[in-house]
There are 2 protein chains.
Amino acid sequence: MSVTLKDVALAARVSISTASRALGGSGLTSERTQQRLTRIARELGYRPNPIARGLKTGQSRLVGLLVHNLANASFQVMAEVVQARLKALGYQMLLCIAGDDPQLESDTLTTLADHRVDGLIVVPTGKNGARLTALANEIPIVCLVRRDDGTDLETVLADDSEGAYVGTRYLIELGHRRIGIIVGRPDTTSGRERLSGYVRALREASIQVDDALIHAGHFEPETGAASCRKLLDLAEPPSAIFVANHEATLGVLRVIAERGLSIPDDLSLLCYEHSPWFEWHRPAISIVDNGASDLANLAVDRLLHRMDAKGNGADGVREYRVGARLVKRDSCRPFDPSPRKSSATKSSRAKA
Amino acid sequence: MSVTLKDVALAARVSISTASRALGGSGLTSERTQQRLTRIARELGYRPNPIARGLKTGQSRLVGLLVHNLANASFQVMAEVVQARLKALGYQMLLCIAGDDPQLESDTLTTLADHRVDGLIVVPTGKNGARLTALANEIPIVCLVRRDDGTDLETVLADDSEGAYVGTRYLIELGHRRIGIIVGRPDTTSGRERLSGYVRALREASIQVDDALIHAGHFEPETGAASCRKLLDLAEPPSAIFVANHEATLGVLRVIAERGLSIPDDLSLLCYEHSPWFEWHRPAISIVDNGASDLANLAVDRLLHRMDAKGNGADGVREYRVGARLVKRDSCRPFDPSPRKSSATKSSRAKA
DNA sequence: CGCATTGCTGCAAACGATTGCAGTATTGGC
DNA sequence: GCCAATACTGCAATCGTTTGCAGCAATGCG
C-alpha cells in the first residue's frame with residue numbers, strides 16, 4: 001500500500017523504533033537523526049497510519065456528533081462549528097443524523113461506540129437516558145441543546161427561558177398586550193422553558209395569561225400553520241405572535257400571507273433561532289438568536305476538557321447555559337390601538 | 001477496556017482463531033461452536049474492534065463526504081442521504097466542510113486520506129484536479145455535482161443544461177419573451193451549463209438572446225440582489241426572471257419585496273434547486289429541482305461499485321447525469337402584455 | 001483393519017505503530 | 001587510561017483481529 005514507518009526506517013538505515021521516536025518528537029533522539037528522518041519521511045511521503053496508531057494508543061481521533069437533522073439551521077451551524085474546531089485539533093467529526101427517533105438514536109449510539117470515537121456530542125431525544133449514562137462510562141459525552149432527564153450528563157443548553165422572556169418583554173415594551181405564542185412540545189426542555197419565559201414576562205408586566213394565546217405542538221410547518229390560524233380566528237386575536245419554535249415559522253408565514261395580512265402593520269412577528277432567510281425576507285424578521293455557534297463552541301470546549309481529564313467523572317457543574325440575544329429587525333412595531341379586525345383589511349402599504 | 005475476542009475465546013475455551021472464525025461467519029466452524037460462540041459473545045457484550053480489524057484488513061469502514069457547506073439545502077439532503085445509505089451498509093460517514101476554498105479542500109483531502117477512508121465522495125472546487133487524480137490511485141473517489149476539469153474521475157452530475165432548458169421553455173410557453181437569468185460563475189460547470197440550456201431554449205423559440213438579461217456571478221444573496229436590481233432597472237425589464245443560482249434567490253426576493261413588486265402579477269419568478277421555504281413561501285415558488293437525493297443516491301451507488309471492483313481503474317462511463325424536474329407552483333403566470341412599467345404599480349390583489 | 005479424505009481447530013505470523021528495557025557509543029572526571 | 005554517567009539506539013512485546021498452514025479426530029472406502 002502506502003509508505004510505512006518501516007520503509008522510512010529502512011531508507012534511513014535505522015530501526016523502526018528510532019524512526020518512530022524521531023518523527024514523534026519524543027526528544028529521545030539526537031537532533032541530527034530527527035532532522036534526517038523528518039526529511040526522509042517527507043521525501044518518501046510518509047504519513048502515519050492512524051489505524052495502527054489507534055490500535056496501540058486506544059484512540060481513534062474521531063469524535064461523533066449526533067443531531068436530529070440538517071434542515072434546522074441551528075444544527076447546520078453547530079455541525080460546521082464542531083467540524084471546524086475539531087479539525088484544527090486533528091480530530092475528525094463523525095456526523096450522524098438520527099431524526100427524533102429514540103430507536104434510531106440508540107442504534108446510532110452503538111455504531112458510534114463501535115467505531116471507538118474518542119468523544120461524543122449528542123442532541124438527545126430524551127428517551128435514551130439510561131443508554132447514554134452507560135455509554136458515558138466508556139466515552140466522554142456532552143449533551144447539547146436538549147437535556148435528557150434520564151441522565152445527569154454534562155449538558156450545554158441555550159437559555160431558552162431567558163430568550164423567551166427577553167423576546168416577550170420586547171413585544172410588551174412595544175405596547176402589545178395580547179401576544180400569541182407558538183412553542184415546542186411541553187415534553188422537551190426547550191418547549192417548557194420557552195413557555196415559562198413567556199409567562200414570566202407577562203406576569204412581570206401584570207398581563208393576564210390567556211391560555212387561548214398559547215399553542216404548543218410538534219416542530220413542523222403544518223403545526224405552525226394550524227396554530228397560527230387558530231390564533232387569528234380568535235374573537236380577540238393577538239396583535240403580536242411569538243413563534244418560539246423554529247420549524248413552525250414557515251407555516252406561520254404562509255398563513256399570514258394567505259390571509260393577506262401585512263407584517264408588521266397588521267401583526268408583529270417575532271421568531272426563534274437564526275436562519276439565513278429570516279434576514280433576507282422582507283420585512284426582515286426579528287428573532288431571538290439562541291446562539292447556536294456559541295453552544296457548539298462551548299460543547300466542544302467541555303468535551304475536550306472531559307477528554308483530557310479522563311476518568312474523573314464528577315466535577316461539579318453539569319449544566320452550562322448560553323445566553324440568547326434579541327436581534328431586532330423589521331417584523332415588530334409598536335402596538336397601534338386603532339380598531340382593525342382580523343383579515344378584513346389589508347390596506348396601508350404607504351411608506352410612513 | 002472492553003471485551004475482546006480473547007475474552008470470548010477464553011470463556012468458550014477455544015482458541016482466538018476459532019472464535020474469530022465462528023463470529024465472522026466464515027462457515028469453517030461447526031454449527032455447534034458457531035452458535036455457542038455467538039451466544040457467549042452476546043452474553044459478554046463483545047463487539048469487534050474496528051480499529052484492530054481495520055489494521056489487518058486495511059479497511060476503515062469510513063467513507064468521506066466533502067461538501068462546500070451545509071447552508072445549501074441540496075448539500076443537506078445529500079449529506080442525509082449519504083449518511084443513511086452508508087449506515088445501512090455498516091459504513092460511517094466522515095463529513096467535511098471545505099467551503100469553496102481550494103486550499104482547504106486540499107488539506108481536508110489529506111486528512112481524509114490519512115484517516116484511511118474506504119471511499120470518498122467529493123464536491124470539487126475544481127482547482128485540485130491533480131490532487132484528486134493522485135488520490136484516486138489509493139482510494140475510490142466519486143465526484144458529485146461539479147466536474148473538476150483537471151481530472152477524469154467518475155462524476156455524478158445534475159443535468160443542468162437540461163434543467164435550465166426545461167425551466168426556460170416553461171417560461172417561454174407561458175408567453176414570456178424577455179426572460180432574465182441570474183446564474184452561477186462561468187468557471188463552474190453548473191454555471192456554464194445552466195446558461196447554455198437557457199440559450200438553447202431561447203434559440204429554439206427564435207428569441208433573440210439579449211446579453212443585458214444575463215447575469216452571472218458568485219453564489220451569494222448580495223450578488224443576486226445586485227443582479228436583480230440591474231435587471232429591473234433596464235429600459236425594457238424582463239417579465240420573468242429565472243434565478244438559476246440557488247444562493248442568489250434570497251437576494252432576488254428581497255429586491256422584489258423592496259420594490260413593492262408582486263409575484264407573479266408583476267413578475268414571474270422561477271428558481272433552481274429545492275429548499276423547504278420555497279414551498280412555504282407565499283406565493284409558493286416554482287423551481288427546477290436538480291434532484292439532490294437522486295444525485296446522492298447515484299453517487300453512493302457508483303462509489304460502492306468502485307469499492308467492490310477494487311483496482312480496475314478504467315470502466316468506460318465516467319459521467320452520469322441525473323435529470324432535472326420542473327416543479328410548478330405559484331410564482332409564474334402567463335405573460336400579460338398590458339403595459340406595466342417597473343415598480344410604479346402594485347395593484348391587483350383581487351383573487352382571480 | 002489401514003489409509004485417504006474431510007472437517008474442525010489451534011498455532012503463529014502478520015497489519016503498522018508505540019514503548020519499556022537493555023545494549024552500545026560517547027563523553028567527562030579522576 | 002579506566003570507569004561511570006549520559007545519550008542514543010535497537011530489540012521485542014504489544015494493541016485486537018484475520019488468516020495460511022499444519023495438526024488431529026472422525027469418517028468412509030476398499
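Here is how names work: the chains are called A, B, and so on, in the same order as the sequence lines, proteins then strands, and each is numbered from 1.
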Length of the line joining A/L37:CG and D/dC8:C1', which is rounded to integer Å
13 Å
Donor-acceptor under 3.5 Å (A/R318 side chain, A/D152 main chain)
yes
Nucleotide C/dC15, atom C1' - distance to CG of A/D7 in whole Å:
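Rounded to whole Å, this separation is 13 Å.
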Any residue in residues 42-50 of chain A with a heavy atom nearer than 4.0 angstrom to DNA chain C? Just list them by number, or reply none.
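The answer is A/Y46, A/P48, A/N49.
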Could you check whether any side-chain N or O of A/S74 sits under 3.5 Å from a backbone N or O of A/A292, counting only pairs where one atom can act as donor and the other as acceptor?
no
Protein-nucleotide distance (A/R116, atom CZ; D/dG16, atom C1'), rounded to Å:
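In whole Å, D/dG16 C1' lies 9 Å from A/R116 CZ.
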Quick one: does B/D7's side chain have a donor or acceptor within less than 3.5 Å of a partner on B/T4's backbone?
yes
Could you tell me whether A/R185 and A/D100 make a salt bridge, using a distance below 4.0 angstrom between a side-chain N and a carboxylate O?
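Counted as a salt bridge, because a side-chain N and a carboxylate O are separated by less than 4.0 Å.
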Heavy atoms only, 4.0 Å cut-off, all strands: where does A/T29 land among base, sugar-phosphate and nothing?
sugar-phosphate
Tell me if a side-chain donor or acceptor on B/R116 pairs with a main-chain N or O of B/D114 at a distance below 3.5 Å.
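Side chain of B/R116 to backbone of B/D114, a donor-acceptor pair under 3.5 Å: yes, one is there.
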Let me know which of A/L65, A/L94, A/V63 forms a side chain to side chain contact (heavy atoms under 4.5 Å, CB included) with A/V117.
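Passing option: A/L94.
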Looking at B/S20, does any N or O in its side chain come under 4.0 Å of the phosphate oxygens OP1/OP2 on D/dT19?
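No, because none of the side-chain N or O atoms of B/S20 sits under 4.0 Å from OP1 or OP2 of D/dT19.
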Could you tell me whether B/L28 contacts a base, only the sugar-phosphate backbone, or nothing, with contacts defined as non-hydrogen atoms closer than 4.0 Å?
base
Short question: side chain of B/S20, backbone of B/I16 - any donor-acceptor pair under 3.5 Å?
no
Just the rounded figure in Å: distance from C1' of C/dC15 to CZ of A/R53.
16 Å
Indicate whether any N or O donor in one side chain lies under 3.5 Å from an N or O acceptor in the other, for B/E80 and A/N69.
no
Terminal axes of the helix from C/dC1-D/dG30 to C/dC30-D/dG1 (five pairs each): angle between them, nearest 10 degrees:
60°
I'd like to compare against my own output: the B/S/- annotation of nucleotides 10-15 of chain D with a strict under-4.0 Å heavy-atom distance to protein.
BBB-BB
Between P on D/dT18 and CZ on B/R61, what's the gap in Å once rounded to a whole number?
12 Å
From CZ of A/R32 over to P of D/dA7, roughly how many Å is that when rounded to an integer?
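So the two atoms are 17 Å apart, to the nearest Å.
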When rounded to whole Å, the CZ to P distance for the pair A/R36 and D/dC8 reads 14 Å
Taking atom P of C/dG16 as reference, at what distance in whole Å does atom CG of A/L10 sit?
13 Å
Distance-only polar pair, side chains of B/T110 and B/R131, donor-acceptor under 3.5 Å
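Distance-only check passes for B/T110 and B/R131.
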If we count only N and O atoms by modelled type, under 3.5 Å, do the side chains of B/T125 and B/R146 hold a donor and an acceptor together?
no
Check: A/T38 side chain, A/Q34 main-chain N or O, donor-acceptor pair, under 3.5 Å
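Pair found, side chain donor or acceptor close to backbone of A/Q34.
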